[in-house]
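Only a predicted model underlies this, so the values are computations on that prediction, with no experimental measurement involved. All values below come from the heavy atoms of this structure, side chains included, with hydrogens, waters and symmetry mates left out.
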Amino acid sequence: MVMRPISKNVLIYRHSLCLRLNSTLALSNYKPNPPTTTTSTTIFQCNSQISKLARNGNLQEAEAIFKAMPQRSIVSWNAMISAYAANGKMSKACQVFDEMPVRATTSYNAMITAMVKNKCDMVKAHDLFREMPEKNAVSYAAMITGFVKAGMFDEAESLYGETPVEFRDPVASNVLLSGYLRGGRLEEAVRVFEGMVVKEVVSCSAMVDGFCKMGKLVEARRLFDEMSERNVVTWTAMIDGYFKGGFFEDGFALFLRMRREGDVSVNANTLAVMFKACRDFDRYREGSQIHGLVSRMPLEFDLFLGNSMISMYSKLGFMGEAKAVFGVMKNKDSVSWNSLITGLVQRGQVSEAYELFEKMPSKDIVSWTDMIKGFSGKGEISKCVELFRTMPEKDDVTWTAMISAFVSNGCYSEAVSLFREMLRGKAFPNSYTFSSVLSAAASLAALVEGLQIHARVVKMNMEDDLSVQNSLVSMYSKTGNARDAYKIFLSIGDPNIVSYNTMISGFSYNGFGKEAVKLFSGLESTGTEPNSVTFLALLSACAHVGYVDLGWKYFSSMKSSYGIEPGPDHYACMVDLLGRGGMLDEAYRLISSMPFEPHSGVWGSLLGASKTCLRVDLAEVAAKKLIELEPDSATPYVVLSQLYSLAGKNRDADRIRSIKKSKRIKKDPGSSWIIIKGKVHNFLAGDESHSSLEEIAFTLKMIEKDYKLISISHGSSIHHSEACKEVQRNYS
């Protein structure tokens, strides 16, 4: 606690107060009677001043007045104990308590309350409680409060049992009741509540709120209806309970009833609950009506209420209204600015959000992170990096946002590198961090990196987190390790639809179509509803193993059994499935029956199948459609020219190549990469920019030379794989 210097005015006040006190005491010395009314009044003024100064943090001034008092009452000593306690000076509070010439019950109560508020040892507080010559209701309530706040419910319950009946209700009972409710121990709270002789509005309101938070809305409403008196807390708790239970209409109707009855006025808390519900339930009309109500009410438009309205309008996408509320707010805090910035970012208005961010008087981690997310969504990864490096401080959410930005923009190696940098710093990865970086490792097909990240997951005891487990399944699947992916899947206690989709996709990705189909049957037996992603993975699996009939069955069941409309990607999978089965006419008929325009993936599947089956007629149709959809793509030209060559139509093949050349369309070069000591090395076909190119070329020539020598020396007796192994031994 920083001690403030005593101001000149306070010194003058203290001096005059002490003069008056000394003058009064001098006169009173001539009389054997108790202190005069003037003396009592002056002591009262000193006590009040001590309490007021302490509340404002002026502890040094309060202490000076206390020390200057030639005569003090018990209230004076109690006030000084409370003053020290309120400012965290418990050693001083204890010293004052020990120096008290006479202690009353109120003195013990003040000291125990001070120990409770400052989270002192409750055993010592209880010892002091036991020393009390006389206890009252406040004594028992204070000690029970201390036990409850320390989580010592057994001790609290025991003391509650010892509390005289006349001291229990309502204060001591309410303390224990509220403690049980905060700890989620509803049954114990009900037991205490039912044992109460005096149940006033605070007790009943606490129980209504407790029932609501535990999802017992019927019990909450029954108690609510039985109450003879309700306050704003009761109404707000019941309304909020309906909203949290998913019953918007019931909550809104109760709010209207509260307004109609008029016995209790709504407050800022009630209105904030209403705005949050309108936001969460996407109810703009009702939210704007309540906004109008606020405008007509004699209610101060405070910070809390303004922030609730900005949050509602921003989430619902009505940014004009959100900006209008923001504009009329006299006082704004970081929540006000962040709510508006978040809303603008979510609506893609990143430039406007950034202008607001630049004007923000005091930027915090939330605002910086929101802007990183905003620019990431726009693909401006360099701006994300600039913001990230400029930030004065970062937490795990910020690091995760930057790693996710790299992943969503295809910068997988940068994501992995940043994750390593994060581990070297003070921030700790969370489950979202691991999910993002595992996705990067999967996209790089970097099993070694994935294994290292998995080890870190285990080290941080996050292997039971569902999102991390799903990401591990995906990583192992995409790095070609379907067996370990399935082991992780089996270890998931309660897999969700994402878990099943990831594993079915993993089986399909690695060519285990039968296993994918079997897992889908297991999914159906659990009663979990599949979604469109499930069927996409399933149809892909059927294509890999040639299950044409089963694929048709799944495709047809999407709408008939699950009410899922097949999308363009589902049609593309079916075209691929039919094409692999040689059923190209059926595939073309399916394309013709699509309720929307086919995308390039559909025509690409038909083109690939047409080449395999040497169907020049369908290949020409598919290539024409692809060129219309993707005029800069080299794929239709390359595939069609190759098909013409295979069909002996060399003149047509040359014509297509000439068209491609005249349009200056180039095929994207093939690429590959390897990871050495955590660094990703990319290689493109025809690219000679690598710094170690000469060394790599020399090594390859040496390997090729050794391979030839080994093959010659062994003649035809050695197999190709054995020759490769021997070369590998020479260079390991």
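Under 3.5 Å, the side chains of Asp302 and Asn331 contain no donor-acceptor pair of N or O atoms. Between the side chains of Asn501 and Asn531, at least one donor N or O sits under 3.5 Å from an acceptor N or O. Thr433 and Ser436 are not linked by any side-chain donor-acceptor pair at a separation below 3.5 angstrom, with hydrogens and angles left out of the test. Side chains of Thr236 and Thr270: a donor-acceptor N/O pair is present below 3.5 angstrom, by distance only. When only modelled atom types and interatomic distance are considered, Glu155 and Ser158 share no side-chain donor-acceptor pair under 3.5 Å.
With sequence neighbours left out, the ring-ring contact (aromatic ring centres under 6.0 Å, His included) criterion links Phe247 to no other residue. Remark: Arg182 pairs with no residue by the salt bridge (charged side-chain N to carboxylate O under 4.0 Å, His left out) rule, at least two apart or across chains. Residues passing the ring-ring contact (aromatic ring centres under 6.0 Å, His included) test with Phe419 are Phe434, sequence neighbours excluded. Considering only residues two or more places apart in sequence or on other chains, Lys373 meets the salt bridge (charged side-chain N to carboxylate O under 4.0 Å, His left out) condition with none of them. Legend: residues meeting side-chain contact (heavy atoms from CB on, under 4.5 Å) with Asp280, ordered by chain and number and at least two apart, are Lys276, Lys315. By the ring-ring contact (aromatic ring centres under 6.0 Å, His included) test, Tyr313 pairs with His291, sequence neighbours left out.
Atom NE2 of His454 is separated from atom CD of Glu463 by 7.0 Å, given to the nearest 0.5 angstrom. Taking CE of Met460 as the reference point, atom CG of Asp465 lies at 11.0 Å (rounded to 0.5 Å). Note: Ile81 CD1 to Thr106 OG1 = 9.0 Å, rounded to the nearest 0.5 Å. Considering CG of Asn56 and OG of Ser51, their distance stands at 11.0 Å, rounded to 0.5 Å. Atom CG of residue Leu340 and atom OG of residue Ser314 lie 5.5 Å apart, to the nearest 0.5 angstrom.
Each of Arg130, Arg168, Lys135 was scored for a salt bridge (charged side-chain N to carboxylate O under 4.0 Å, His left out) with Glu162, with one residue passing: Arg130. Partner of Trp77 under the ring-ring contact (aromatic ring centres under 6.0 Å, His included) criterion, out of Phe66, Tyr108, Tyr84: Phe66 alone. With Phe275 as the partner, the side-chain contact (heavy atoms from CB on, under 4.5 Å) test is satisfied by one option alone out of Asn307, Val294, Ile310: Val294.
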Item to check | Intermediate values then yes/no, side-chain hydrogen bond (donor to acceptor under 3.5 Å, both in side chains), Thr398 and Thr369 | outcome: CA-CA 5 Å; Thr398 313; Thr369 305; 3.1 Å; yes
Checklist entry - Is there a side chain to side chain contact (heavy atoms under 4.5 Å, CB included) between Leu53 and Glu63 once you walk through the steps? => result CA-CA 9 Å; Leu53 289 168; Glu63 191 177 51; over 6 Å; no
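A donor-acceptor distance shorter than 3.5 angstrom exists from the side chain of Asp169 to the backbone of Val197, with no hydrogens or angles considered.
Ring-plane geometry between Phe243 and Phe281 is classed as tilted, the angle between the planes lying from 30 to 60 degrees on a 0 to 90 degree scale. The aromatic rings of Tyr284 and Phe318 sit parallel, their planes meeting at an angle under 30°, below the 60° perpendicular limit. Taking the six-membered ring where tryptophan is involved, the planes of Phe489 and Tyr486 are essentially parallel, since the angle between them stays under 30° and well short of 60°.
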